[in-house]
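Below is one structure, written out as structure tokens; the observations come after it.
The figures that follow rest on heavy atoms only: side chains count, while hydrogens, waters and symmetry mates do not.
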Amino acid sequence: MLQALGTAAMAVAPRWAGAFVHPIDEPAMRSRLAARSPLLAVTGAGRRFVAVGIRGQAVLSDDGGRTWAQATVPVSSDLVAVSFPTEKTGWAVGHGGVVLKTSDGGATWVKQFDGRHASEVAVGYFEKRAADDAAAQQLLADEKSLVDAGGTQPFLDVYFINEQTGFVVGTFNRIFRTDDGGTTWVPWMDRTDNPKGLHFNAIAGRGGNIYLAGEQGTVWRLGPDSKRFVALPTPYNGTLFGLLPISPTSLLTFGMRGSVFRSEDAGVTWKRIEMASLAGVTSGAVLPDGMVVLVTQAGTMEVSRDQGRKFTPVKPAQPMSYFGVSAGAGGQVMLAGAEGMRVETVR
């Protein structure tokens, strides 16, 4: 009898009762509440919207955010950023150094890369250069220390120029580039003016310019000739969370305590933009009519009708802590946050 009960208990034992499975190796759970769980980023993929969030949750909507369907995801680590260069092909990144790719508009995802593989690639890359390159020696030592710490440093953002060329960025100066759609990745840690190993929190591009933003109020821009990310300090020493290119040379960067800065010369000089709230600004979007929307951790929204020179607060109908925003149609925005997905109208 006891043996039978033991066998029955084993048959229904939850998956956490066995050996530990790392979240980068465990598929995301199915849930009818996926669109109401905390979601950290949202973007457009053609007319579809795709959002990603905690524990590998990913959802998509084809009706302007009225209904959401859960995607099939091969990891249960938190996903923090998503990029679609075309309506079908996209990438998402997150904790554990995972890089996921979709070829069907976000309905199903496959894992291309993770932190363990990234460390192997980086160590091999810098070992080949360390013999006669002091900078490579230091980068190799840094990478080995990260391996000793677990080897699964998170990627915090992703940006693809097209279906072949893109970047993933993260903690401790971590940046990789692919030119074959993610089949292989090349470390670019030796191509950044970042001697302190500051975290990269964001990457974005427009009109041929590609920018990074991160700690200590620093923005970097990729030099087209040098193929290096050159540091462009702002008048701020706190953490920057994001970037929003408005035109090929105009952009915003934003971060803690309502800090927003605007540049009209591709990041060479910056001007602070006053905000109504001191809450951390987490994400921004440019609507089809040129309106700029920024959202905050405190559940506030601010709107600019002059390309980010001045912002006016707009009261959301159902505020929550916002982590991501994407432009919809007719003055609507898709909002990802602590309570899942919301749609708001900003006109």
4.5 Å side-chain heavy-atom contact, M301 and L335: yes
Donor-acceptor contact present, side-chain T234 to main-chain G217, <3.5 Å: yes
Option from E163, K101, Q164 for which side-chain hydrogen bond (donor to acceptor under 3.5 Å, both in side chains) with T89 holds: E163
Working for salt bridge (charged side-chain N to carboxylate O under 4.0 Å, His left out), residues E143 and R174: CA-CA 9 Å; E143 192 61 40; R174 213 158 184 72; 2.8 Å; yes
Check: S77 side chain, H95 main-chain N or O, donor-acceptor pair, under 3.5 Å: yes
Point-to-point distance, once rounded to the nearest 0.5 Å, from CZ of F254 to OG1 of T239: 13.5 Å
Atom of A130, atom of L140 and distance for their closest heavy-atom approach: CB-CD2, 4.1 Å
Candidate pair K111 and D25, rule salt bridge (charged side-chain N to carboxylate O under 4.0 Å, His left out), full reasoning: CA-CA 9 Å; K111 185 172 69 172; D25 299 316; 3.5 Å; yes
Main-chain N/O of T296 paired to E302 side chain as donor or acceptor, under 3.5 Å: no
Interatomic distance, L232 atom CG to D193 atom CG [nearest 0.5 angstrom]: 9.0 Å
Joint hydrophobic cluster, L252 plus M275, side-chain heavy atoms closer than 4.5 Å: yes
Residues R221, V268; criterion side chain to side chain contact (heavy atoms under 4.5 Å, CB included); working and verdict: CA-CA 9 Å; R221 186 182 70 222; V268 176; 3.9 Å; yes
For F167, the option from Y159, W188, F160 that meets ring pair (Phe, Tyr, Trp, His ring centres under 6.0 Å): W188
Pairing residues for D63 by the side chain to side chain donor-acceptor pair (under 3.5 Å) criterion, not counting sequence neighbours: S61, T67
Closest approach of G284 to L294 (non-hydrogen atoms, all atoms of both residues): CA-CD2, 3.7 Å
Worked verdict on T171 versus Q153 for side-chain hydrogen bond (donor to acceptor under 3.5 Å, both in side chains): CA-CA 7 Å; T171 56; Q153 292 297 315; 2.8 Å; yes
Hydrophobic cluster membership, V110 vs L100, 4.5 Å side-chain cutoff: no
Pair L139-N173, side chain to side chain contact (heavy atoms under 4.5 Å, CB included): steps then yes or no: CA-CA 10 Å; L139 288 167; N173 191 46; 4.2 Å; yes
Qualifying salt bridge (Lys or Arg N to Asp or Glu O under 4.0 Å) pairs with a residue from residues 40-54, counting only residues at least two apart or across chains: R48-D62
Enclosure of R129 CZ (heavy-atom neighbours >12, cutoff 6.0 Å): yes
Non-hydrogen atoms of A51 and M341 that approach each other most closely: CB-SD, 3.6 Å
M291 atom CE: more than 12 heavy-atom contacts under 6.0 Å: yes
Test item: S119 side-chain N/O and R116 main-chain N/O as donor-acceptor pair under 3.5 Å: no
Reported NZ-to-CZ distance for the pair K271 and R262, which is rounded to 0.5 angstrom: 9.0 Å
Chi angles and distances behind the side chain to side chain contact (heavy atoms under 4.5 Å, CB included) call for T253, Y211: CA-CA 10 Å; T253 187; Y211 306 91; over 6 Å; no
Whether W185 and F113 hold their rings parallel, tilted or perpendicular, with breakpoints at 30° and 60°: parallel
Partner set under side chain to side chain donor-acceptor pair (under 3.5 Å) for T152, not counting sequence neighbours: none
R342, CZ: over 12 other non-hydrogen atoms inside 6.0 angstrom: yes
Backbone of N162 reached by a side-chain donor or acceptor of T165 within 3.5 Å: no
Full working for side chain to side chain contact (heavy atoms under 4.5 Å, CB included) between L251 and W270: CA-CA 10 Å; L251 73 152; W270 298 89; 3.9 Å; yes
Between CZ on residue F261 and OH on residue Y236, distance to nearest 0.5 Å: 7.0 Å
Reported CG-to-CG distance for the pair D225 and L222, which is rounded to 0.5 angstrom: 10.0 Å
Residue R36 excluded, over 12 heavy atoms near CZ under 6.0 Å: no
Which residues share a side chain to side chain donor-acceptor pair (under 3.5 Å) with E215, sequence neighbours left out: none
Within one Ile-Leu-Val-Met-Phe-Trp-Tyr cluster: I54 and V99, side-chain cutoff 4.5 Å: no
For S250 against E264, the heavy-atom pair lying closest together: OG-CA, 4.0 Å
pair I175-W220: side-chain heavy atoms closer than 4.5 Å: no
Any side-chain heavy-atom pair of Y125 and D190 under 4.5 Å: yes
Expected output: side-chain Q70 to main-chain M29 donor-acceptor under 3.5 Å: yes
Review item, side-chain donor-acceptor pairs of residues 316-333, under 3.5 Å, at least two apart:
residue: S321; atom: OG; partner: Q297; partner atom: O; Å: 2.6
residue: S326; atom: OG; partner: G44; partner atom: N; Å: 3.4

Within one Ile-Leu-Val-Met-Phe-Trp-Tyr cluster: V260 and L244, side-chain cutoff 4.5 Å: yes
Side-chain heavy-atom pair N194, L212 within 4.5 angstrom cut-off: no
Minimum heavy-atom distance N209-A266, with the two atoms named: ND2-CB, 4.0 Å
Value rounded to 0.5 Å, distance of OG in S263 from CD1 in I246: 10.0 Å
V82 backbone acceptor or donor facing T43 side chain under 3.5 Å: no
Neighbour count >12 (heavy atoms, 6.0 Å) for atom CZ, R32: no
Non-hydrogen side-chain atoms of R191 and F229 separated by less than 4.5 Å: no
Show me the side-chain donor-acceptor pairs of residues 195-202 shorter than 3.5 Å, one per line, residues at least two apart or across chains.
residue: K196; atom: NZ; partner: Q216; partner atom: OE1; Å: 3.4
residue: H199; atom: ND1; partner: F172; partner atom: N; Å: 2.9
residue: N201; atom: ND2; partner: L240; partner atom: O; Å: 2.9

Minimal non-hydrogen separation, V303 against V346, with atom names: CG2-CB, 4.2 Å
I273-V295 co-clustered via ILVMFWY side chain contacts under 4.5 Å: no
